[in-house]
Each structure stands twice: as structure tokens, then as C-alpha cells.
2 protein chains.
Amino acid sequence: MDDKGNNERRRPKFKKVDKHSGIPAYVQVMNQVKTEVILGRLVPGDQLPPVRELETMFDVNVNTILKALDKLKSEGVLSSEQGVGYFVTSNIAIESPIIDELGEFVRKIKNVGLDLYTTILLIEEVWKNE
Amino acid sequence: MDDKGNNERRRPKFKKVDKHSGIPAYVQVMNQVKTEVILGRLVPGDQLPPVRELETMFDVNVNTILKALDKLKSEGVLSSEQGVGYFVTSNIAIESPIIDELGEFVRKIKNVGLDLYTTILLIEEVWKNE
DNA sequence: TATAGTGTTATAGTTATATAGAACACAGAA
DNA sequence: TTCTGTGTTCTATATAACTATAACACTATA
């Protein structure tokens, strides 16, 4: 059928990690990959780009990529087959009405002049006391 | 009058840092202190507990405390006087209606079953694309 | 079988993070 | 002045995070 059989290989766009953010590189890699799955831009069956390609996309070492993907494997989000590749295994996508609601919330917050960092601090704080 | 003259020394409650969270201890300390100021539980003029007391409250070394407070000094949130103490200098408190709105948002999100980690991932993602 | 594309493991070295412990410096009150 | 409470600096050590590099193992295809 299309070009690869059952599941195409989509080409997710990943950004280089920020090495001065204080957040470990492997965590940033995890977060970016997981976000793609949560937003449904990667779905179960999809294959990730090869680790050596991820290496250059994220601008980190293979070992850092592996550490990140390993964690996502233990979470059940990904699986890997030696000699073949990494695949999305779990459907953790969020429904789009919820995404829309998030968007509206973010717009409001930006309107009152809060920055991202402060917003996240507050959400964490409120979350624990709700 | 009260007990210290102009500005009492309030006793903020800080929690021990989570040493397995992957977030550097000094960042966790920064976040907790800054949150108190943002929520207006510490206001300009207030004095922080002595660093050696913070050491035990957060369960980290003095040097880690100093690193965190140094950062907040460069942000202008705190200042320090040798031999005296650390003081809140900047009013970055958020108005309570905004806090309330955050609370409502968090309640909604919890209702649909998202966890904190996922929520923050999504907010970061949406934030950059709004 | 041979080859290319993939994941996996291992070693060594560097830097960032965090700790422990000690000493020093300043402010304020006795 | 002396003492206590405070912030500050320093050195040494340990661990985690990250990198570079190389080698190895499996899969699929020619």
C-alpha cells in the first residue's frame, strides 16, 4: 500500500536539547518524544527515526538517546526490536477537546502577563493542594 | 509590638527536596522559595530563616542552599546582608483571582484524568505554539 | 552468503551536581 | 570587648550526567 507496509515511518520534528536549562538532556528527549505520542502525532505502530538520526536531531550522544528511550520503554510507551527499530506501542493520546481547552487556558494566562516558568510553578503548587 | 520591629520573620514551610526526581536539588529549592513569594506568603521585607535552618528544612547542604539563593538574588527576588540574613526584595505576587482561575483549571484537568507530568508537558507544548 | 541498516553494549574521560567539614567575616546585643 | 547568630568562602570528595569512540548483535534484503 502506501510505502512501508502497515505503518509508515512518520518523521517527527525534534528540537535540539537546551544544554543550559538545568534539565537533564535525557529528560528533555523523553519529554519531546512523549509529547508527540500524547498529541497523537505519533501513534501505535509508528517507527521512530534510527537512534543515530535522533542523535543528530537532538544534538546529544547515542547513550543519552538510549537512556531516554529506555525510560519510555519501561513506561510502556515504546518498544524496540534489535536490528529493526523503535516503535510506539501505547496509545496515550489525549482527545482534542482537552487540547483546545488547554489552549484557551494558556491564552488567558499569557494575557495577564505570566511567563511559562511561573505558570508551571503555580500549577504544581495548586495541584498538590486541590 | 510584634517581635522583630517592622517586618516579622514569618516561618515558611518548606519540604525536603526529592533526591530522585531528576530535578537538581538547587532548582527545587529555588522553586519552593519563589513559589512562596509568588503566592504572597512571603512579601518584600520578610526575612528568610537562617541558611543553616534552611539546610535542615530542605535536607540539603548549605552550598546547595546558597546556590539556590544566589540565583534568586540575581533575579532580584532576594537580597542578603552578611551577618544579618536573607530578605525578600521584589513584589512578584500574583493576584488572587488569577490563582482562583488556576485552581479551577487544575480541577477540570484532574477530572479528565490527566496527571501533573502530562499536564505540564502539554502546557509547555501549547505555550510555544500559541 | 554478504552487506547495509538498525539496535546494543562497553570503556574511558569530562563536567555538573551535591556533600561534608572547616574556617572566615560581619552585625548586633550583652 | 566578647559572644552569638548570621552570611560567605574554600577545599576535598563522591556521584550523576554526558560525551566520544568503538565494537558487537540482530534483521532484512540483494
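Every chain is numbered from 1, with letters handed out A, B, ... down the list of sequences. Excluded from the calculations below are hydrogen atoms, water molecules and symmetry mates; all remaining heavy atoms, backbone and side chain alike, are included.
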hbond_proxy A:Arg52 side chain to C:dG5 base (donor-acceptor, 3.5 Å cutoff)
no
Relative to the 5' end of DNA chain D, which residue comes earlier, A:Glu55 or A:Tyr26, by the nucleotide with the nearest heavy atom?
A:Tyr26
Please determine, for the side chain of A:Gln82, which listed nucleotide (D:dT19, C:dT8, C:dT17) has the closest atom?
C:dT8
Phosphate contact (D:dA17 OP1 or OP2) by A:Thr64 side-chain N/O below 4.0 Å:
no
Between the CD atom in A:Glu124 and the OG1 atom in B:Thr35, the distance rounded to the nearest 0.5 Å is 7.5 Å
To the nearest Å, give me how far apart CG (A:Leu66) and P (C:dT11) are.
16 Å
Would you kindly give the CG-to-P distance between B:Asp18 and C:dT17, to the nearest whole Å?
17 Å
Start at the 5' end of DNA chain D and walk down; is the nucleotide closest to A:Pro24 or to B:Glu81 reached first?
B:Glu81
Go through the side-chain N and O atoms of A:Asp46 and A:Tyr86 and say whether any donor and acceptor fall under 3.5 Å apart.
no
Would you kindly compare A:Lys73 and B:Val17 by the position of their nearest DNA chain C nucleotide and give the one closer to the 5′ end?
A:Lys73
Looking at B:Tyr86, I'd like to know whether one of its side-chain N or O atoms comes within less than 4.0 Å of OP1 or OP2 on D:dT8.
yes
Between D:dT19 (P) and A:Lys16 (NZ): distance, integer Å
12 Å
Salt-bridged, B:Lys19 to B:Asp59, with N to O below 4.0 Å?
yes
Please report the distance, rounded to the nearest Å, between CZ in B:Phe87 and C1' in C:dA27.
11 Å
What is the distance, to the nearest angstrom, from the CD1 atom on B:Ile65 to the C1' atom on D:dT9?
16 Å
Taking only N and O in the side chain of A:Lys19, is any of them less than 4.0 Å away from OP1 or OP2 of D:dT19?
yes
With a 3.5 Å cut-off and just heavy-atom distances, do the side chain of B:Asn61 and the base of C:dA20 make a donor-acceptor pair?
yes
D:dA17 phosphate, OP1 or OP2: any side-chain N/O from A:Lys67 under 4.0 angstrom?
yes
CG on B:Leu102 to CG on A:Leu122, rounded to 0.5 Å
5.5 Å
I need the CG-P distance between A:Asn63 and D:dA23, as an integer number of Å.
16 Å
Expressed in angstrom and rounded to an integer, what is the separation of A:Leu69 atom CG from D:dC18 atom P?
14 Å
d(CD1, A:Ile23; C1', D:dC18) in whole Å
16 Å
Spatial distance of atom NZ (B:Lys73) from atom OG (B:Ser90) [nearest 0.5 Å]:
15.0 Å
